[in-house]
Amino acid sequence: MESLNKLEEKLEYKFKDSSLLKLAVSHSSYVNEITVKKVQCNERIEFLGDAVLELVSSEFLYTSSPSDKEGVLSKHRAALVCEKSLAAAARKIELGSFLLLGKGEKSTGGANRDSILADAFEAVIGALYLDGGYAIASEFIHKYVLDADDPVFQDYKSRFQELVQGRLGEKISYELVSEAGPEHDKQFVTNLYLDGRLMGTGSGHNKKTAEQQAAKQAIEKLK
């Protein structure tokens with residue numbers, strides 16, 4: 001197992017209470033094999049992390065998709081925080097190499113199993129929330145889940161391009177309008193133009209998300 005100090009470096013956060021991070025990476029199979037009493041696995045802190053993740057992702061979708069109804073928001077949230085998405089996010093920080101697993105779980109490749117990685121990722125969110133508060137946990141979620149380079153939610157930019165590809169001579173362009181806020185919570189605003197005509201405006205915590213939201217608005221305008 002890698003040192004938890006290295007995990008802190010990947011998280012870009014130094015824990016005041018390092019026992020919370022150790023708890024987050026302690027799988028039930030590990031706890032069941034050791035003889036030390038009162039050692040807990042990460043299931044309880046994962047429960048907390050799951051709740052924080054749901055709140056942050058709900059807030060993100062509510063703010064960035066003002067025209068979507070409840071059913072659509074729920075569908076998008078489910079896609080964003082599904083097991084596959086969280087496991088992919090866990091792999092970005094190489095979380096599997098830091099997990100405390102039982103011998104049997106380790107020998108059968110548990111450190112790379114989607115279900116274990118996703119649960120541990122939520123546990124890390126819980127640990128960040130308890131140690132650093134909502135803002136720290138939210139920043140982490142935005143970086144690795146909501147503002148990821150390959151978002152799970154629908155690729156509106158590609159959809160818009162497909163819708164207008166038959167219009168000869170019309171050019172799609174994106175323009176960054178503004179960039180504001182502190183480094184850990186920046187907000188970008190982007191306009192989408194079709195042959196010089198403003199078709200949509202989007203905002204997000206990075207340029208890619210802002211462009212996606214602008215394209216989403218442009219699709220609605222075309223329809």
Side-chain angles (χ1 to χ4, degrees), residues 1-60 74-153:
M1 188 200 73
E2 293 276 6
S3 164
L4 291 183
N5 290 330
K6 291 184 178 180
L7 179 54
E8 286 182 324
E9 291 176 7
K10 291 185 176 296
L11 298 176
E12 298 180 355
Y13 178 78
K14 181 67 177 176
F15 276 79
K16 297 181 284 290
D17 182 0
S18 58
S19 68
L20 288 171
L21 186 56
K22 183 175 181 180
L23 174 61
V25 299
S26 298
H27 189 255
S28 57
S29 63
Y30 166 77
V31 173
N32 291 337
E33 287 186 5
I34 62 176
T35 57
V36 180
K37 294 182 179 180
K38 295 185 179 180
V39 174
Q40 295 183 344
C41 69
N42 62 6
E43 291 175 354
R44 277 173 49 84
I45 201 167
E46 173 209 333
F47 165 81
L48 176 62
D50 175 69
V52 176
L53 175 62
E54 182 169 327
L55 175 59
V56 173
S57 57
S58 298
E59 180 184 26
F60 168 76
S74 295
K75 183 178 179 181
H76 285 177
R77 184 180 62 195
L80 281 170
V81 302
C82 69
E83 182 180 284
K84 183 178 180 180
S85 173
L86 298 183
R91 291 186 178 97
K92 291 179 181 179
I93 57 173
E94 300 176 3
L95 187 56
S97 62
F98 299 95
L99 296 181
L100 291 168
L101 300 169
K103 292 179 181 178
E105 197 65 69
K106 187 183 296 184
S107 65
T108 55
N112 196 42
R113 189 169 296 131
D114 279 2
S115 58
I116 291 178
L117 286 172
D119 290 347
F121 189 82
E122 289 183 326
V124 168
I125 291 172
L128 287 168
Y129 172 76
L130 288 176
D131 197 79
Y134 180 82
I136 294 296
S138 178
E139 180 183 356
F140 176 74
I141 292 167
H142 272 279
K143 182 175 182 180
Y144 289 103
V145 180
L146 304 181
D147 292 345
D149 290 336
D150 300 308
V152 176
F153 56 82

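Residues Val56 and Ile125 have side chains not in contact (no heavy-atom distance under 4.5 Å, counting atoms from C-beta outward). Put simply, the side chain of His27 does not reach to within 4.5 Å of the side chain of Leu99, judged on heavy atoms. Contact of the Ser57 side chain with the Leu146 side chain is registered, since non-hydrogen atoms from C-beta on lie closer than 4.5 Å. A 4.5 Å side-chain heavy-atom check between Leu53 and Leu86 finds at least one atom pair inside the cut-off.
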Stepwise, does the side chain to side chain contact (heavy atoms under 4.5 Å, CB included) test hold for Leu100 with Val31? CA-CA 9 Å; Leu100 291 168; Val31 173; over 6 Å; no
The test is side chain to side chain contact (heavy atoms under 4.5 Å, CB included); show your working for Lys10 and Phe98 and say whether it passes. CA-CA 11 Å; Lys10 291 185 176 296; Phe98 299 95; 4.0 Å; yes
Output, in order, the C-alpha distance, side-chain angles, deciding distance and verdict of side chain to side chain contact (heavy atoms under 4.5 Å, CB included) for Leu7 and Leu95. CA-CA 8 Å; Leu7 179 54; Leu95 187 56; 4.1 Å; yes
Does Glu8 form a side chain to side chain contact (heavy atoms under 4.5 Å, CB included) with Asn5? I'd like the steps, not just the answer. CA-CA 5 Å; Glu8 286 182 324; Asn5 290 330; 3.6 Å; yes
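The distance from atom CG of Leu117 to atom CD of Glu83, rounded to the nearest 0.5 Å, is 9.0 Å. We find the OG-CG distance between Ser19 and Asp131 to be 8.5 Å, quoted to the nearest 0.5 Å. Residue Glu12 holds its CD atom at 3.5 Å from NZ of Lys143, rounded to the nearest 0.5 Å. Distance check: Tyr30 OH to Lys106 NZ gives 9.5 Å after rounding to the nearest 0.5 Å. In this structure, the separation between CD1 on Ile45 and CD on Gln40 is 9.0 Å, given to the nearest 0.5 Å.
Counting non-hydrogen atoms of other residues, nucleotides and ligands closer than 6.0 Å to CZ of Arg91 gives a total above 12. Atom OH of Tyr134 sits in a crowded spot, with more than 12 heavy atoms from other residues, nucleotides or ligands closer than 6.0 Å. Enclosure of atom NZ in Lys103 is not indicated, since only 12 or fewer non-hydrogen atoms of other residues, nucleotides or ligands lie within 6.0 angstrom.
In this structure, the side chain of Asp114 does not engage the main chain of Lys84 through any donor-acceptor pair within 3.5 Å. A side-chain donor-acceptor contact under 3.5 Å links Asn32 to the backbone of Ser28. At least one donor-acceptor pair closer than 3.5 Å links the side chain of Arg113 to the backbone N or O of Thr108.
Aromatic ring centroids of Phe121 and Phe140 lie under 6.0 Å apart.
Smallest separation of non-hydrogen atoms from Lys16 and Gly132: NZ-CA, 4.2 Å.
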